[in-house]
Amino acid sequence: MSENVGKKIKQLGLTNKLFEGFFGLEQEEHRVTADGRISRYPYPTKFGSRKNHPYLQSDFTDSMLELITEPTKGGREAVKNLKMLQQIVNAQLHDDERIWPLSMPPKLEEDDEEFIHQDFHRDWYQDYRDYLEQKYGAKYEIIAGSHVNFSVNDTLLYQLYQADNGENFESVADLRNHMYFKLSQYFVLYRWFFTYLYGASPITENPLEHLPADLEFPVRSLRNSSLGYANRENETITYDSLTEQTAQLKQFVADGTFYSTQEFYGPVRLKGMTHDDDIDEMLEEGVTYLEFRSFDLDPFSRSGVSDDTLDMLELLMGYCLVSGVPTDIKEQLRHAADKNEEVALQNPLEQPEWLVEEANQLLDNLAAFVEEYDAPKKYSFAIEIARKRVRNPALTISGQLLARIEDDSLEAFGLKIANDRYQKLHALELPLEVISKEYSVVAQELIKAAILLGIRVKLFNGIKLTHGSHHEWFENHPRLEFPNGARDYLLKMFPEIKE
């Protein structure tokens with residue numbers, strides 16, 4: 001079936017499901033002071049315990065936030081949820097605190113590096129964190145980005161499995177594993193395309209170890225090159241086949257090359273509902289989503305990732321789902337790695353000779369796919385944006401950043417963006433501006449309080465709140481009342497939460 005997926009999807013009347021995938025975002029962001037230094041303020045106490053908070057976390061340091069959105073249908077809803085979290089976070093910042101909008105961290109002074117070393121208060125991750133700092137160095141570990149989680153519509157996959165009738169796949173888990181790994185291979189094949197369009201780390205504010213002496217800045221995306229946020233050159237995990245990748249990961253963990261499978265910094269990772277390190281259990285139950293790790297923070301998008309970026313990703317996933325795997329996949333993957341390296345380390349206003357032709361061919365294929373499968377218009381819009389950027393590299397994100405570099409630094413630009421966003425978010429009058437058209441003010445207060453307390457929030461025909469096995473459901477009604485405030489109300493309703 002794998003070579004005739006598109007035909008089968010049409011026969012089953014499932015073409016619309018190709019464009020109903022689910023997205024979740026994991027956004028890494030640095031808290032900095034208004035002068036561009038790493039913030040010394042403690043992790044905000046209002047954010048609750050990080051041991052199991054579903055939305056508000058920290059990363060390599062307590063000043064490096066990680067915002068995690070609830071999975072939603074469509075990338076645009078995920079961006080909307082991210083903006084909601086960002087408004088909540090912004091309200092908890094000190095008057096002289098800001099959110100740094102770039103993937104490459106601000107300039108570090110000597111005492112900043114010592115502070116980063118000490119600024120970690122998640123004891124349950126301390127050993128892993130110490131290992132990463134020793135192996136890769138803090139300057140690499142604090143490079144930030146957007147991790148995009150994506151899953152194909154579950155109904156689509158299940159009905160494809162039923163239609164297969166055991167001919168190619170023994171179980172729905174087998175089909176999931178096959179399909180998701182194929183999608184991961186295709187993303188790696190076209191990673192250069194995403195690096196070209198959305199790369200946004202042209203310089204580094206801090207000297208990094210292991211950079212070649214002849215490397216010329218600015219580049220298109222230092223983070224997405226082998227010199228950026230990547231495993232060591234001799235510790236590469238391949239995408240040649242699922243069997244080979246699984247064996248490589250197991251071997252690297254077994255012999256101590258990797259601390260765990262979480263140390264795999266590839267451009268895309270297979271994810272399941274089970275513990276991350278149990279690869280066999282994940283494959284037995286079936287891969288449930290992909291984690292894309294190749295997106296720099298977009299400083300020109302308020303949320304750090306744009307709608308059209310996620311539209312392009314979902315469009316490519318749909319196109320790849322109905323396409324067969326190339327017979328020479330191993331060779332193509334090798335070439336794709338070289339292409340991505342060339343694009344990532346090139347001046348943002350330049351293009352490799354091959355890029356225009358291959359990018360336009362891909363965009364033509366995507367446009368034909370949009371027409372054949374009657375895809376929503378937003379995907380055509382994403383294609384047009386990409387075409388303009390292929391014609392003119394100055395329109396790419398890194399191309400636009402070049403004009404903002406002053407004295408080999410983006411500090412002034414980064415602080416301007418950070419200050420503007422801080423002021424705009426503080427000026428918002430409603431508790432959660434992005435959902436104000438759908439939810440009453442009192443409902444927004446309830447949702448905001450739940451998020452801060454670490455209660456899971458699902459918004460669909462009302463408000464479903466979950467903490468562990470405890471569920472509560474509310475209608476979105478303007479007559480909801482919380483005399484002592486929504487936070488106190490929720491603490492009484494969820495007594496298991498300990499502040």
Side-chain angles (χ1 to χ4, degrees), residues 25-51 53-69 82 85-86 88-90 92-94 96-148 200-201 204-206 208 222-223 228-230 262-263 265 291 293-299 303-305 410-411 414-415 417-418 421-422 454:
L25 300 173
E26 300 172 28
Q27 187 94 328
E28 299 164 340
E29 302 177 337
H30 283 286
R31 285 186 293 127
V32 299
T33 50
D35 61 355
R37 298 286 297 276
I38 292 292
S39 175
R40 297 298 206 271
Y41 289 111
Y43 185 82
T45 56
K46 281 288 186 70
F47 290 176
S49 171
R50 284 171 280 175
K51 270 200 170 180
H53 202 297
Y55 307 120
L56 305 176
Q57 289 285 342
S58 61
D59 202 270
F60 189 77
T61 74
D62 287 0
S63 60
M64 186 178 182
L65 301 177
E66 184 172 8
L67 312 185
I68 305 164
T69 69
L82 180 58
L85 295 180
Q86 289 169 329
I88 291 173
V89 166
N90 196 78
Q92 301 301 320
L93 297 178
H94 290 80
D96 61 340
E97 269 190 309
R98 304 290 184 264
I99 298 298
W100 184 249
L102 299 164
S103 278
M104 302 308 289
K107 183 174 177 58
L108 303 176
E109 304 296 341
E110 187 175 345
D111 59 335
D112 288 323
E113 294 186 48
E114 178 59 28
F115 174 75
I116 288 172
H117 172 72
Q118 301 291 341
D119 184 37
F120 190 80
H121 296 87
R122 293 191 294 159
D123 295 342
W124 53 98
Y125 283 132
Q126 188 70 54
D127 289 345
Y128 182 43
R129 196 261 196 178
D130 292 344
Y131 164 88
L132 294 175
E133 183 175 19
Q134 182 177 10
K135 181 173 180 178
Y136 297 97
K139 288 180 182 178
Y140 281 93
E141 289 299 319
I142 62 172
I143 296 174
S146 292
H147 294 180
V148 180
S201 48
T204 174
E205 305 289 333
N206 304 290
L208 298 175
L222 180 63
R223 177 179 173 275
Y229 196 73
Q262 288 302 290
E263 196 185 334
Y265 293 161
E291 179 191 26
R293 303 166 57 84
S294 295
F295 291 94
D296 293 343
L297 295 181
D298 180 353
S303 63
V305 58
L410 283 167
E411 180 181 42
L415 285 176
I417 296 294
R421 288 184 186 161
Y422 176 85

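All residue numbers refer to positions in the sequence shown, counting from 1.
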Exercise for review: Please examine the side chains of Ile68 and Leu25, heavy atoms only from C-beta on, and report whether any two atoms are closer than 4.5 Å.
Suggested key: no

Practice item. Measure from the side-chain N and O atoms of Glu205 to the backbone N and O of Leu410, and report whether any donor-acceptor pair falls under 3.5 Å. Key: yes

Exercise for review: With the side chain counted from C-beta on, respond yes when Asp119 and Tyr43 share a heavy-atom pair under 4.5 Å apart, and no when they do not.
Suggested key: no

Review point. Given Tyr140 and Leu132, is the side-chain contact (heavy atoms from CB on, under 4.5 Å) satisfied, shown in steps?
Key: CA-CA 10 Å; Tyr140 281 93; Leu132 294 175; over 6 Å; no

Review point. Any chance the side chains of Gln134 and Asp130 put a donor and an acceptor closer than 3.5 Å?
Key: no

Check your understanding: How many angstroms lie between atom CE of Met104 and atom OH of Tyr229, to the nearest 0.5 angstrom?
Key -> 12.0 Å

Exercise for review: Taking Arg50 for its side chain and Leu56 for its backbone only, find out whether a donor-acceptor pair lies under 3.5 Å.
Suggested key: no

Check your understanding: How long is the gap from CZ on Phe115 to OG on Ser63, to the nearest 0.5 Å?
Key -> 5.5 Å

Practice item. Would you check, one step at a time, whether the test side-chain contact (heavy atoms from CB on, under 4.5 Å) holds for Trp100 with Leu415? Key: CA-CA 7 Å; Trp100 184 249; Leu415 285 176; 4.2 Å; yes

Review point. Roughly how far, to the nearest 0.5 Å, is CG of Asp298 from CG of Leu102?
Key: 10.0 Å

Point to revise | Spatial distance of atom CD (Glu29) from atom CG (Leu65) [nearest 0.5 Å] | key: 6.5 Å

Practice item. Assess the pair Tyr136 and Tyr265: is the distance between their ring centroids shorter than 6.0 Å? Key: yes

Review point. What's the verdict on side-chain contact (heavy atoms from CB on, under 4.5 Å) for Arg31 and Ile99, showing C-alpha distance, side-chain angles and the deciding distance?
Key: CA-CA 5 Å; Arg31 285 186 293 127; Ile99 298 298; 4.0 Å; yes

Revision key, fill the gap. Nearest heavy-atom contact between Val305 and Ser146 is CB-OG, 4.1 Å

Practice item. Identify which one of Asp111, Thr61, Asp62 satisfies the side-chain contact (heavy atoms from CB on, under 4.5 Å) criterion when paired with Ile116. Key: Thr61

Practice item. Scan side-chain atoms only and decide if Glu263 and Tyr131 contain a donor-acceptor pair under the 3.5 Å cut-off. Key: yes

**Study point:** Any Glu28 side-chain heavy atom under 4.5 Å of Met64 side chain
**Key:** yes

Check your understanding: So, Arg40 and Asp112, do they make that salt bridge, N to O below 4.0 Å?
Key -> yes

Review point. Crowded around Gln118 CD? As in, over 12 foreign heavy atoms under 6.0 Å?
Key: yes

Check your understanding: Would a 4.5 Å heavy-atom cut-off, applied to side chains only, mark His147 and Phe295 as touching?
Key -> no

Review point. Distance-only, no hydrogens or angles: does the Arg421 side chain make a donor-acceptor pair with backbone N or O of Ser303 under 3.5 Å?
Key: no

Point to revise | Contacts of Pro105 that satisfy side-chain contact (heavy atoms from CB on, under 4.5 Å) - sequence neighbours left out | key: His30, Ile142, Ile143, Asn206

Review point. Nearest heavy-atom pair of Asp296 and Ser103: which atoms, and what distance?
Key: CA-OG, 3.4 Å

Study note, to complete from the structure: d(Thr69 OG1, Tyr55 OH) to nearest 0.5 Å is 9.0 Å

Point to revise | Side chain Arg122, main chain Arg129, donor-acceptor under 3.5 Å | key: no

**Study point:** From His94, Glu97, Arg98, residue fulfilling side-chain hydrogen bond (donor to acceptor under 3.5 Å, both in side chains) relative to Ser39
**Key:** Glu97

Review point. Side chains of Leu93 and Tyr41: does their closest heavy-atom pair fall under 4.5 Å?
Key: no

Point to revise | Pair Gln27-Gln86, side-chain contact (heavy atoms from CB on, under 4.5 Å): steps then yes or no | key: CA-CA 10 Å; Gln27 187 94 328; Gln86 289 169 329; 4.1 Å; yes

Review point. Quick one: NE2 on His53 to CD on Glu66, what's the gap to the nearest 0.5 Å?
Key: 12.5 Å

Review point. So with a 6.0 Å cut-off around NZ of Lys135, is the heavy-atom count from everything else above 12?
Key: yes

Check your understanding: Are any of the side-chain heavy atoms of Glu133 and Glu141 separated by less than 4.5 Å?
Key -> no

**Study point:** Closest non-hydrogen atom pair between Ile38 and Pro106, with its separation
**Key:** CD1-CG, 4.1 Å

Practice item. Examine distances only and state if a side-chain atom of Ser201 and a backbone atom of Arg223 form a donor-acceptor pair shorter than 3.5 Å. Key: yes

